[in-house]
There are 2 protein chains.
Amino acid sequence: MLSLKRYTRIAKLARLAYYAYKMTYAMDQDSGNRATDSGSASAAEPRLLAAEVLERLRDLIIQGELAPGVKLNERVLCERLRTSRTPVREAIKFLASEGLVELLPNRGAIVTRITATTVREMFVLLGALEALAGELACANASEADVAEIRALHYQMLAHHTRGELTLYFRCNQQIHLRLVECAGNATLTNTYRALNGHVRRARYMANLSRDRWDHAVEEHQKILDALTRRDSVLLPALLRSHLGNKMAVVLDALASKPVE
Amino acid sequence: MLSLKRYTRIAKLARLAYYAYKMTYAMDQDSGNRATDSGSASAAEPRLLAAEVLERLRDLIIQGELAPGVKLNERVLCERLRTSRTPVREAIKFLASEGLVELLPNRGAIVTRITATTVREMFVLLGALEALAGELACANASEADVAEIRALHYQMLAHHTRGELTLYFRCNQQIHLRLVECAGNATLTNTYRALNGHVRRARYMANLSRDRWDHAVEEHQKILDALTRRDSVLLPALLRSHLGNKMAVVLDALASKPVE
DNA sequence: CATGATTAAATTGCATACAAAATAGGGCCC
DNA sequence: GGGCCCTATTTTGTATGCAATTTAATCATG
């Protein structure tokens with residue numbers, strides 16, 4: 001009787017080790033295009049179709065291929081993603097709670113529209129989040145973290161001088177994300193990520209003027225300096241105003257190029 | 001040719017009006033228990049089974065009936081909620097992106113565990129969000145808004161003196177939510193709501209000592225005063241420290257009563 | 001009696017089938 | 001010609017079926 005109990009408990013461990021070797025195969029499936037961060041499932045885990053669909057859909061929306069306001073036709077998406085409706089539907093539910101799509105009961109889902117109001121709201125919120133992140137980062141960031149951000153900063157400068165806008169954006173994004181990660185608050189990072197998806201979506205429409213661009217780079221220089229000095233008062237303030245300027249840029253773009 | 005085009009456009013409007021009367025029946029289905037706010041679907045829209053399931057599940061988790069760490073067995077949940085697996089699965093996906101459950105590929109989902117770390121993270125984040133809300137509320141809140149909060153505050157005081165903890169909590173929650181809503185930033189409100197679900201879950205375990213409780217009430221008094229004076233510097237600071245104290249309480253409870 | 005492989009049951013993931021609702025089009029009346 | 005009702009098609013929402021994977025139980029073995 002007693003042995004049976006112990007057995008089952010130990011068997012669990014044994015099986016875990018046994019199944020471990022099976023996991024290896026899962027890595028193969030992971031070799032697909034993984035340009036964007038997963039966000040939902042860690043890398044070594046077996047890939048589910050629904051997760052794949054989720055990422056594809058999210059990218060389509062963020063990159064504007066599925067424009068704001070368009071209806072997500074399940075049948076069409078199934079054909080496009082070569083799968084059945086179930087994973088697509090589950091992915092849509094997921095996106096809905098991220099706020100990228102809006103659910104209309106019995107009438108499917110549409111890609112959330114980008115309005116001046118929502119952009120303003122998101123940037124205000126992002127400003128607060130990054131300010132918090134900056135404050136925490138001053139306390140928690142390791143020297144290696146700061147060095148990494150510095151490296152990204154210089155890489156970004158290079159892209160700036162060469163006028164490589166897309167690459168610049170990518171570096172920029174990474175710097176901000178890294179900074180938020182330095183705060184050492186996983187919940188904050190997740191919240192930031194979700195919101196940032198929306199902003200990136202808006203960003204795809206914005207076209208920086210050279211003036212604005214130069215100004216943004218200057219701000220980034222100050223931000224880096226403040227982080228290096230671990231100035232936990234200045235850094236949050238800088239980040240907040242930086243976000244405020246970004247907002248102005250996006251709003252301008254939105255005004256000149258109204259959605260739809 | 002032209003008339004056909006116009007026709008279809010007008011027909012849409014006509015149909016909208018036509019279907020409007022159908023909507024009325026939907027209200028009946030809405031008469032069920034709607035203790036908590038919906039958050040995802042507005043009231044007048046036709047209720048979907050999946051939405052119903054979502055709310056039920058969320059409540060079960062927040063109220064701790066589905067304890068942290070337990071596995072969500074789809075079959076069991078189906079029986080319990082009298083539905084098939086599809087809506088349950090979709091609801092689980094939704095909850096996963098809210099962070100209330102964790103998806104284990106091929107092995108289902110478990111209710112997210114509450115650790116000291118996550119509690120700390122969430123409260124820090126909530127602190128920043130409420131601080132932002134406070135700042136914005138000072139600028140945006142109408143006199144009616146402030147009056148409403150004041151009313152809730154006095155109601156809360158009544159519950160405090162009578163020692164009615166649950167009712168006190170409810171008022172408390174409402175005050176905080178109302179304050180966040182006063183900021184006039186829907187995105188902020190949504191983010192706050194999602195995070196607050198987690199905190200409420202932790203709160204169900206915490207048992208306030210009288211000292212702590214009295215202290216919390218004092219803080220609320222100061223908060224109300226600051227809001228009344230529209231002190232956009234003091235109010236955020238008060239809210240942040242208030243959240244900090246709440247965190248300490250929850251962490252204490254967590255330490256004395258470790259989860260699972 | 002503990003450990004490892006093998007088989008059986010349960011559970012998840014995906015695909016499909018059916019029901020209900022939405023949309024689109026055609027006929028009708030004015 | 002313009003507006004409304006009614007039917008046909010499409011699309012969504014839910015249930016169910018099947019395959020793959022995980023988990024539990026059984027058996028063999030040193």
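Please read all numbers here as calculations on a predicted model, not as lab measurements. Residue numbers start from 1 in every chain, and the chains themselves are labelled A, B, ... in the order their sequence lines are given, proteins ahead of strands.
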Quiz item: Between A/Thr83 and C/dA15, does any side-chain N or O lie under 4.0 Å from OP1 or OP2?
Solution: yes
Quiz prompt | Of the listed nucleotides C/dT12, C/dA15, D/dT11, the one nearest the side chain of B/Arg89 | solution = C/dT12
Practice problem: Among residues two or more places apart or on two chains, list those pairs meeting ring pair (Phe, Tyr, Trp, His ring centres under 6.0 Å) that have a residue in residues 52-78 of chain B. | Solution: none
Quiz item: When the distance from CG of A/Asn106 to P of D/dT14 is rounded to whole Å, what number comes out?
Solution: 8 Å
Exercise. May I have the distance from B/Leu81 (atom CG) to D/dG13 (atom P), rounded to whole angstrom?
Key: 19 Å
Quiz item: Whole-Å distance between C/dC14 P and B/Glu74 CD?
Solution: 11 Å
Exercise. Please name the residue in the list B/Arg80, B/Arg58, B/Arg56 that meets the salt bridge (charged side-chain N to carboxylate O under 4.0 Å, His left out) test with B/Glu65.
Key: B/Arg80
Quiz prompt | Integer-rounded Å distance: C/dC14 P and A/Leu54 CG | solution = 12 Å
Practice problem: For A/Arg85, answer base if it contacts any base atom (sugar-phosphate contacts may also be present), sugar-phosphate if it contacts only those atoms, and nothing otherwise; contact means non-hydrogen atoms under 4.0 Å. | Solution: base
Quiz item: Residues two or more places apart in sequence or in another chain: which of them pass side chain to side chain donor-acceptor pair (under 3.5 Å) with A/Glu130?
Solution: A/His176, A/Tyr192
Quiz item: Between D/dT11 and A/Asn73, is there an OP1 or OP2 to side-chain N/O distance shorter than 4.0 Å?
Solution: yes
Quiz item: Which part of the nucleic acid, if any, lies within contact of B/Ile92, taking any heavy atom under 4.0 Å across all strands shown: a base, the sugar-phosphate backbone alone, or nothing?
Solution: nothing
Self-check item: No-hydrogen, no-angle side-chain donor-acceptor test under 3.5 Å, A/Asp145 and A/Ser142
Solution: yes
Practice problem: Go through D/dT12, D/dT11, C/dG13 for me and flag the one nearest to the A/Arg75 side chain. | Solution: D/dT11
Quiz item: Does any donor-acceptor pair link the side chain of A/Arg107 with the base of D/dG13 at a separation under 3.5 Å?
Solution: no
Quiz item: Closest nucleotide of DNA chain C for A/Arg82 versus for B/Leu72: which of these residues is on the 5' side?
Solution: B/Leu72
Quiz prompt | Residue met sooner reading DNA chain C from 5', once B/Val76 and B/Thr86 are mapped to nucleotides | solution = B/Val76
Quiz prompt | Basic-acidic side-chain contact under 4.0 Å: A/Glu90, A/Lys93 | solution = no
Quiz item: Reckon A/Lys71 has a side-chain N or O less than 4.0 Å from the OP1 or OP2 of D/dT12?
Solution: yes
Quiz prompt | Separation of D/dT14 P from B/Glu90 CD (nearest whole Å) | solution = 7 Å
Quiz prompt | Interatomic distance where CD belongs to A/Glu79 and P belongs to C/dA15 [whole Å] | solution = 14 Å
Practice problem: Choose from C/dA15, C/dA22, D/dT14 the nucleotide whose nearest atom is closest to any side-chain atom of B/Pro87. | Solution: D/dT14
